[in-house]
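Written below as structure tokens is the structure these notes are about.
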Amino acid sequence: MNRSTFLRAASAAVAATASVALLAACGGGDGDDAKPAQAAGNAKTEPKGGAEASGTEAFTATHVGGPTTVLEIGGARFLLDPTFDAPKKYKSGLEKKQGPAFGPEKLGRIDAVLLSHDQHDDNLDDKGRALLKGMPVVLSTPGAHKRLGDHVTGMRSWTSQEVKTSGGAIKVTAVPALHGPDEVDRGADGEVTGFVLSGKGVPTTYISGDNASVKVAEKVGDRVKKEIGPIDTAVLFAGAARTPAILDNAPLTLTSKNAAKVAKDLDPRKVVAVHTDSWNIYSEDMKSLVKAFKKRGVDDKLVDLRPGGEKKDLS
């Protein structure tokens, strides 16, 4: 090759290399190795909440019965209000009508128990109470800490604890709940808490606990949206629990109508409804809840989570 031919070939090679580099910098390219940008739209609704909330970690709920639910989120497994007794009557007057979908021996790993309160059998029964001492973390009310012992961390509203996971941590924030009608203070017997789960890669999840107040839920929702972000999933304790001995049989948890209103107002992507079965004090069931959600136009949010131990995907 003479000198002039060599120079022409070298110039062509440099030009080709520059062209490829420019194309790569602009995100273009053809062929099997090209990686197109992720589509902005998606037929599946993506989880709302913390940064990178649509990660690959499992997001599931398994309903054991009553309020008792296993929530798998952000690489951690949470147990809500453990009740594992067989059907029985209690000194309190409560009666368990249906046993759990499975016993505590089949729970698998639990990273933390989120206990809305300890005063009432339908939220913490005998076997559930025995289970707590073997759990690595139990988060509940200050009163529960006093009554149950140092293995329970009592949390005041809007304080937070971190639950460590293999990929980081989940922030658990205690939030207000009202175990009865608005403006009624039931004292220590009515002390309850809700929770909010949040963090990087974690769909922001509101757990109402035994809250009967739409106003309280709305205030929680407003503050969470301002300080954390949109609520992705709401776990609502419904069933309109009632007992003639307390507040003239007023509902002590969300009625079906009020649960639907909370779902409308908070606008989560999904609603997991629990606390509607297995106990004699629940006056409204899942059928009532479905009807109310349809009337309010939010039935597309409602997850069919009837007790049976089946794991439901929430992602």
Side-chain angles (χ1 to χ4, degrees), residues 45-54 59 61 67 69 71 73-74 76 78 80-81 112 114-117 139-145 153-163 168-186 190-238 251-255 257-275 296 298 301 314:
T45 306
E46 294 295 339
K48 300 184 287 185
E52 302 176 12
S54 57
F59 186 25
T69 305
L71 196 63
I73 179 172
F78 293 92
L80 313 185
D81 285 15
L114 304 181
L115 178 64
S116 68
H117 63 302
L139 304 179
S140 191
T141 64
H145 167 74
T153 299
M155 299 178 66
R156 298 190 182 279
S157 291
W158 302 112
T159 62
S160 299
Q161 296 281 333
E162 281 195 342
V163 174
I170 294 177
K171 183 180 179 181
V172 181
T173 302
V175 296
L178 182 62
H179 204 358
D182 288 318
E183 315 305 331
V184 173
D185 182 3
R186 292 179 56 197
E191 183 191 26
V192 294
T193 187
F195 299 95
V196 170
L197 309 180
S198 62
K200 184 177 180 181
V202 178
T204 301
T205 300
Y206 166 53
I207 301 164
S208 74
D210 270 17
N211 172 60
S213 171
V214 173
K215 289 181 182 178
V216 168
E218 288 174 344
K219 287 180 180 179
V220 169
D222 288 344
R223 182 162 172 175
V224 169
K225 287 174 186 177
K226 288 177 183 177
E227 297 184 3
I228 299 175
I231 294 174
D232 176 81
T233 297
V235 181
L236 301 182
F237 286 35
L252 306 178
T253 56
L254 290 169
T255 64
K257 179 180 178 181
N258 284 345
K261 188 175 190 316
V262 169
K264 183 78 171 181
D265 294 344
L266 269 60
D267 192 30
R269 183 180 58 88
K270 294 287 185 183
V271 173
V272 176
V274 299
H275 201 274
R296 183 66 71 166
V298 289
K301 298 178 180 294
L314 303 179

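Count residues from 1 along the sequence.
To the nearest 0.5 Å, the span separating CG on L178 from NZ on K219 amounts to 10.5 Å. Once rounded to the nearest 0.5 Å, the distance linking OG1 of T233 with CG of L266 reads 11.5 Å. Atom CD of Q161 and atom CZ of F195 lie 10.5 Å apart (nearest 0.5 Å). To the nearest 0.5 angstrom, L71 atom CG is 7.5 Å from F78 atom CZ. Once rounded to the nearest 0.5 Å, the distance linking CZ of R156 with OG1 of T193 reads 11.5 Å. With rounding to the nearest 0.5 Å, the separation of OH in Y206 from CG in L197 is 12.5 Å.
Judged purely by atom type and a 3.5 angstrom limit, R269 uses its side chain to pair as donor or acceptor with the backbone of L314. No donor-acceptor distance shorter than 3.5 angstrom exists from the side chain of H117 to the backbone of E191, with no hydrogens or angles considered. No donor-acceptor pair under 3.5 Å is formed between the side chain of N211 and the backbone N or O of P176. At distances below 3.5 Å, at least one donor-acceptor pair connects side-chain atoms of R186 with backbone N or O atoms of H179. Using modelled atom types, one side-chain atom of S140 and one backbone atom of L115 make a donor-acceptor pair closer than 3.5 Å. Judged by distance alone, with hydrogens and angles left aside, the side-chain atoms of D210 form no donor-acceptor pair with the main-chain N or O of T253 at under 3.5 Å. A donor-acceptor contact shorter than 3.5 Å links the side chain of S208 to the backbone of F237.
S160 and T173 are linked by a side-chain donor-acceptor pair at a separation below 3.5 angstrom, with hydrogens and angles left out of the test.
Minimum interatomic distance between V271 and A263 (heavy atoms only, all atoms of both residues): CG2-CB, 3.8 Å. Nearest heavy-atom pair, V298 versus A260, reported as atom, atom and distance to 0.1 Å: CG2-O, 4.0 Å. A212 and G180 get closest at one heavy-atom pair: CB-O, 3.5 Å. Here the shortest heavy-atom pairing between M155 and P142 reads O-CD, 3.4 Å. Across all non-hydrogen atoms, the minimal contact from G154 to H145 is N-CB, 3.8 Å. Nearest approach of A76 to I170, heavy atoms of both residues: CB-CD1, 3.7 Å.
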Evaluation steps, side chain to side chain contact (heavy atoms under 4.5 Å, CB included), between L80 and V235: CA-CA 10 Å; L80 313 185; V235 181; 4.1 Å; yes
Candidate pair S213 and D182, rule side-chain hydrogen bond (donor to acceptor under 3.5 Å, both in side chains), full reasoning: CA-CA 6 Å; S213 171; D182 288 318; 2.5 Å; yes
Trace of the side chain to side chain contact (heavy atoms under 4.5 Å, CB included) decision for V272 with L236: CA-CA 6 Å; V272 176; L236 301 182; over 6 Å; no
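Here the side chains of S198 and T204 are in contact, with some heavy-atom distance below 4.5 Å. Contact of the K264 side chain with the R296 side chain is registered, since non-hydrogen atoms from C-beta on lie closer than 4.5 Å. With contacts defined as side-chain heavy-atom distances shorter than 4.5 Å, the pair H275/L254 does not qualify.
Put simply, the residue from T205, I231, V262 that forms a side-chain contact (heavy atoms from CB on, under 4.5 Å) with P268 is I231.
Between K261 and D265, at least one side-chain nitrogen of the basic residue sits less than 4.0 Å from a carboxylate oxygen of the acidic one, meeting the salt-bridge criterion.
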